[in-house]
Protein chains: 2
Amino acid sequence: MSHLRYCCLMAVDREHVLRSAAALLTRKSTATMDEVAKAAGISRATLHRQFAGRDALVRALEALGIEECEAALDAARLGDGTAQEAVRRLVGELERSAGLLAFLYTENQLFEGDGQHEGWARIDVRVAALFRRGQESGEFRIDLTPAWLTEALYGLMASASWAVTEGRVAAKDFHHMIVELLLGGALRREEP
Amino acid sequence: MSHLRYCCLMAVDREHVLRSAAALLTRKSTATMDEVAKAAGISRATLHRQFAGRDALVRALEALGIEECEAALDAARLGDGTAQEAVRRLVGELERSAGLLAFLYTENQLFEGDGQHEGWARIDVRVAALFRRGQESGEFRIDLTPAWLTEALYGLMASASWAVTEGRVAAKDFHHMIVELLLGGALRREEP
DNA sequence: CGCAAGTGAGACATGAATGTCTCACAAGGA
DNA sequence: TCCTTGTGAGACATTCATGTCTCACTTGCG
């Protein structure tokens with residue numbers, strides 16, 4: 001009978017371990033299981049008891065990232081108001097997960113086609129649909145495909161996340177930099 | 001007396017090896033030295049005779065990337081015409097190196113602060129100076145810092161490179177997608 | 001007070017990539 | 001033809017992350 005009660009100090013909060021691992025791997029994607037364990041304040045043995053191996057850990061992080069992404073998509077209410085407003089809300093909701101997403105984004109690049117998690121496809125569809133809505137409403141230009149705008153959003157978020165980490169961009173500017181570049185571009189708009 | 005003449009078939013063209021390695025590592029950044037050697041059509045022993053180790057190979061690729069970047073910067077004549085035109089030329093010149101640059105871009109993320117190649121700093125300065133020039137001439141908006149625009153350029157090029165590799169974006173649209181998003185953004189411009 | 005459960009520390013084996021070495025072979029030059 | 005040079009193939013030791021195991025310790029509970 002597996003009652004999920006805490007027994008001892010039970011520092012082994014699965015959630016806490018995942019958060020620590022995400023924070024560490026975001027900074028150093030090649031960190032060892034030993035380093036991950038130390039970062040979480042547990043021993044390597046305990047880490048192994050929770051996640052069968054490095055693969056399982058990364059998969060769990062991927063699931064966490066997808067979960068947070070979909071939560072952000074829900075919270076951003078992509079169908080409300082103009083598409084532009086929805087994009088702004090979406091970036092705001094995704095900001096807290098940016099580090100984890102940046103890690104997963106590059107991690108996925110080296111999963112050479114052995115099939116990635118279906119969750120990403122679901123997310124891609126929803127984001128692309130938002131851009132498509134903006135195109136159909138006349139807000140967004142139609143020469144940039146929704147697929148590319150989606151990809152660009154991911155890329156800009158990852159770039160911004162690293163730029164903030166390395167101090168090249170102020171953390172408080174994260175949202176503004178991404179949204180303004182993605183929506184408005186670098187060119188100065190002529191005053192109407 | 002080391003005369004640099006060819007002796008046998010001399011399939012070991014250092015340039016060719018680097019190109020092959022770049023092409024392979026761009027697709028699979030975790031490729032083995034053995035795989036790199038096979039991709040170049042040489043044995044692992046010969047590969048090792050040219051590059052002391054994996055580190056040396058990556059360093060050589062980094063040097064190649066920097067070299068191509070600076071060549072692109074030169075060819076783009078960043079000082080000529082408007083900054084906008086210069087950005088368009090720059091992306092065009094960088095397109096052929098996009099895969100290699102994308103590989104090096106992510107590779108650098110896991111060099112946790114142990115000092116990266118000075119060449120990148122030189123390139124950063126030149127690109128940032130271009131964006132600064134655009135700001136001072138009134139072409140570019142001033143609320144997006146040159147450092148961020150530089151970072152965004154790298155990020156968009158890497159994203160576009162992957163998107164093309166995975167078939168989500170047509171290769172022929174590479175230049176247009178990057179330049180238009182970076183300069184104009186997703187929002188439709190009001191017709192003047 | 002014991003018992004059960006979970007943990008930390010560490011030993012140990014495994015597998016993979018790496019780096020080093022030797023040896024035989026092919027090709028060009030004297 | 002002989003010698004030099006560079007190469008391919010393979011054996012070998014090494015390193016490192018990983019996965020598995022044991023054992024002692026601590027804590028909560030009956």
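These numbers come from the heavy atoms of this one structure, side chains and all, not from hydrogens, waters or symmetry mates. Order of the sequence lines sets the chain letters (A, B, ...), proteins ahead of strands, with each chain counted from 1.
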Rounded distance in Å - [atom1] ([X]) to [atom2] ([N]):
{"X": "A:Arg14", "N": "C:dG6", "atom1": "CZ", "atom2": "C1'", "value": "17 Å"}
{"X": "B:Asp34", "N": "D:dG10", "atom1": "CG", "atom2": "C1'", "value": "11 Å"}
{"X": "A:Gln50", "N": "C:dG6", "atom1": "CD", "atom2": "P", "value": "11 Å"}
{"X": "A:Asp13", "N": "C:dG6", "atom1": "CG", "atom2": "P", "value": "15 Å"}
{"X": "B:Lys38", "N": "D:dG8", "atom1": "NZ", "atom2": "P", "value": "10 Å"}
{"X": "B:Arg49", "N": "D:dT7", "atom1": "CZ", "atom2": "P", "value": "7 Å"}

*Does A:Met33 or A:Ala45 map to a spot on DNA chain D nearer the 5' end, using the closest nucleotide for each?*
A:Met33

*Please walk me through it: do A:Arg132 and A:Glu136 pass salt bridge (Lys or Arg N to Asp or Glu O under 4.0 Å)?*
CA-CA 6 Å; A:Arg132 194 179 309 277; A:Glu136 289 169 354; 5.3 Å; no

*Ignoring the backbone of B:His48, work out which of C:dG19, D:dG19, D:dA17 is nearest its side chain.*
C:dG19

*Would you tell me if any nitrogen or oxygen in the side chain of B:Thr46 comes within less than 4.0 Å of OP1 or OP2 on D:dG8?*
yes

*When A:Leu94 is tested against each of A:Leu73, A:Leu101, A:Val127 for side chain to side chain contact (heavy atoms under 4.5 Å, CB included), which residue passes?*
A:Leu101

*For residues B:Tyr105 and A:Trp162, establish whether the separation of their ring centroids is below 6.0 Å.*
yes

*Which comes earlier along DNA chain C counting from the 5' end, the contact point of A:Leu47 or that of A:Arg44, where each point is its nearest nucleotide?*
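Residue closer to the 5' terminus by nearest nucleotide: A:Leu47.
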
*asked:* Quick test of your reading of the model: are A:Arg96 and A:Glu68 salt-bridged, counting only N-O distances below 4.0 Å?
replied: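 Answer for the salt bridge query: no.
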
